[in-house]
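Structure first, commentary second.
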Amino acid sequence: MESGVVGVNHECKTTSTITIKGILSLLMETIDDGSSKRVISLGMGDPTLATCFHTTKVSEDAVADTLQSHKFHGYAPTAGLLQTRNAIAEYLSRDLPYQLSSDDVFITSGCTQAIDVSMALLARPGANILLPRPGFPIYELSASFRQVEVRHYDLLPEKGWEVDLDAIEALADQNTVALVIINPGNPCGNVYSYHQLEKIAETAKRLGTVVIADEVYGHLAFGANPFVPMGIFGSTVPVITLGSLSKRWIVPGWRLGWFVTNDPCGTFRKPKVVERIKKYFDLLGGPATFIQAAVPRIIKQTEEVFFKKTVEILKYTSEICCKKIEDIPCIFCPCKPEGSMAMMVKLNLSLLEDISDDIDFSFKLAKEESVIILPGTAVGLKDWLRITFAADPSALAEGMDRIQCFCQRHAKKQ
Ligand SMILES: *Cc1c(COP(=O)(O)O)cnc(C)c1O
């Protein structure tokens, strides 16, 4: 095959990859400016847009102090400041049966860059990666730029969005470089049990592939299953843990994330591998040095009550959502969310008169009701919708009421 042709095809594929931000901005443009209704966004995962979610004063003070100390105006080492890497190693080790060291931790510009770093490091000719469906489209976008083939395995709504392990076995081959899981889950709001994670680790081990665990919603769990980090199974299978301050500390704009090797058996410690990771980080600009410098204090001084409160609000707002959904016949929630900030609901189009699919639903809803929700197609599931419940309770309730009105107006006449 001519490389030029591959290049052209590849370019097309990259630009046609849907991004959440792309769809949301199109939806925003659809909103009727003349409408008296305030815009309610249940589309974006940025909790700072809601007044009930804000970070702690401790975190703000830590950043202000490091900035004003005049000590952190220079470059940080490319892998991150040592004290920052240490603090994150300690933070993550609290929940592990072994101790991470600063060498395992690389500081990235949010979890987004950690995703792209993983893809860049694992990419090689012919490589494929196993991604969840529904999922988080940044993985698809990154894979397409790196020319890594994407193979989707399904999350099973009837089983609480568990991973379809049989599908994984069938999809993987000798060119599979990683299996990605997102836990707690975006977009489904599921939280995997210890047992499920153990089975995932054993499957990945059998297939000889590493696990990339996106734990950007780590600890944001409010259901029956507590959050269990995949790193616990690091001695079964090499695990790369991705995370950030963005969601748990509610500071997505600070762009402070991490790429962490959980690898007590030392697969990632081979000199060549370490060298490759380090060199790749030489290419990147991480987060601002003074933000990095604030991390040890942010982690040490954030009080448990802050985390508890966030989780309680999320539980409460998710319940508002679920309750309202019960009153709306054309949408169905197969299992209540137990974590993260989003959930998936299924559209029953047979009850609707003039709505052709999830995209049509979202655009008409934006136009008529000034409510933004993400069509499931954007996360890989047609005729589903993703609702973000990290919103103010009053806005959420009003948004759900408007969805109800919308559905009534468009209901098929019996
Ligand atoms: C928000 C999010 C990210 C990106 O995190 P940032 O730290 O804001 O870059 C990555 N993965 C998932 C599943 C997310 O929801």
Side-chain angles (χ1 to χ4, degrees), residues 18-21 23-24 41-50 53 55 59 80 84 88 91-92 105-119 129 131-143 152 155 161 163 178-192 211-221 227 229-230 240-260 284-288 291-292 295 298-299 310 314 318 337-344 374 376 378-381 386-391:
I18 300 170
T19 66
I20 292 179
K21 287 194 176 87
I23 287 214
L24 291 176
S41 178
L42 308 178
M44 187 73 169
D46 187 344
T48 62
L49 299 174
F53 294 101
T55 197
S59 300
T84 312
I88 291 164
Y91 167 65
L92 296 174
V105 178
F106 298 84
I107 308 301
T108 57
S109 181
C111 186
T112 304
Q113 191 178 51
I115 292 170
D116 199 45
V117 165
S118 319
M119 209 65 75
I129 191 161
L131 299 182
R133 178 176 51 212
F136 188 66
I138 291 288
Y139 285 91
E140 279 81 357
L141 188 61
S142 176
H152 287 111
L155 304 182
W161 299 110
V163 168
L179 161 63
V180 174
I181 61 159
I182 302 173
N183 182 48
N186 180 10
C188 301
N190 58 305
V191 177
Y192 291 129
V211 175
I212 295 175
D214 182 327
E215 296 177 355
V216 78
Y217 293 100
H219 299 278
L220 295 178
F227 166 66
M230 189 72 205
I240 296 170
T241 300
L242 314 181
S244 73
L245 294 184
S246 303
K247 310 286 163 70
R248 195 179 188 206
W249 272 270
I250 324 184
V251 289
W254 290 6
R255 312 309 303 131
L256 193 296
W258 50 83
F259 168 101
V260 177
L284 307 175
I291 303 265
Q292 295 194 38
V295 169
I298 292 173
I299 288 179
T310 307
L314 288 171
S318 73
E338 303 203 322
S340 91
M341 299 177 171
M343 63 188 290
M344 293 293 283
L374 191 74
V379 291
L381 269 199
R386 187 188 79 169
I387 302 178
T388 302
F389 52 79

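Along the sequence shown, the residues carry numbers beginning at 1. Ligands are counted one by one from 1 in listed order, and the atoms in each one are counted from 1 as well.
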Requested in this report: Compare all side-chain heavy atoms of L155 with those of C188 and state whether any distance is below 4.5 angstrom.
Outcome: yes
Query raised in the report: Is the closest side-chain heavy-atom distance between P229 and L92 below 4.5 Å?
Result: no
Requested in this report: Heavy-atom contacts with G110 under 4.0 Å: which atoms of ligand 1 show up? List them by number with element.
Outcome: 7 (O), 9 (O)
Requested in this report: State whether the side chain of S142 and the backbone N or O of M119 hold a donor-acceptor pair below 3.5 Å, judged by distance alone.
Outcome: no
**Report entry** ligand 1-proximal atoms of K247, by part, heavy-atom distance under 4.0 Å
**Finding:** side chain
Report task. Kindly confirm or rule out an N or O of S109 lying under 3.5 angstrom from an N or O of ligand 1. Result -> no
Query raised in the report: What residues form a ring pair (Phe, Tyr, Trp, His ring centres under 6.0 Å) with W254, not counting sequence neighbours?
Result: none
Requested in this report: Show which atoms of ligand 1 fall inside a sub-4.0 Å distance from at least one heavy-atom site of I182.
Outcome: 13 (C)
Query raised in the report: Of all the heavy atoms in Q113, does at least one lie under 4.0 Å from an atom in ligand 1?
Result: no
Requested in this report: Only counting residues at least two apart or in another chain, list the ones meeting ring pair (Phe, Tyr, Trp, His ring centres under 6.0 Å) with F227.
Outcome: H219
Query raised in the report: Between V216 and ligand 1, is there a nitrogen or oxygen pair with a distance under 3.5 Å?
Result: no
Query raised in the report: Counting distance only, does the side-chain N/O of R386 pair as donor-acceptor with the main-chain N or O of G43 below 3.5 Å?
Result: yes
**Report entry** Atoms in ligand 1 flagged as close to Y217, the criterion being non-hydrogen separation under 4.0 Å
**Finding:** 14 (C), 15 (O)
**Report entry** N186: numbered ligand 1 atoms lying under 4.0 Å from its heavy atoms
**Finding:** 13 (C), 14 (C), 15 (O)
Requested in this report: For ligand 1, note which part of S246 has a heavy atom under 4.0 Å away: side chain, backbone, both or neither.
Outcome: side chain
Query - Per-atom contacts, ligand 1 versus D214 - under 4.0 Å to a heavy atom - result: 10 (C), 11 (N), 12 (C), 13 (C)
Requested in this report: Measure from the side-chain N and O atoms of T108 to the backbone N and O of W258, and report whether any donor-acceptor pair falls under 3.5 Å.
Outcome: yes
Query raised in the report: What do we get for T112 next to ligand 1 when only non-hydrogen atoms under 4.0 Å count, side chain, backbone, both or neither?
Result: both
Query raised in the report: Which atom names give the shortest non-hydrogen contact between A378 and P137, and what distance separates them?
Result: O-CG, 3.1 Å
Requested in this report: Check for a donor-acceptor pair, side chain of Y192 on one end and backbone N or O of W161 on the other, with a separation under 3.5 Å.
Outcome: yes
Query raised in the report: Counting both backbone and side chain atoms, is some N or O of Y139 under 3.5 Å from an N or O of ligand 1?
Result: no
Query raised in the report: For ligand 1, which atoms have a heavy atom of S244 less than 4.0 angstrom away?
Result: 7 (O)
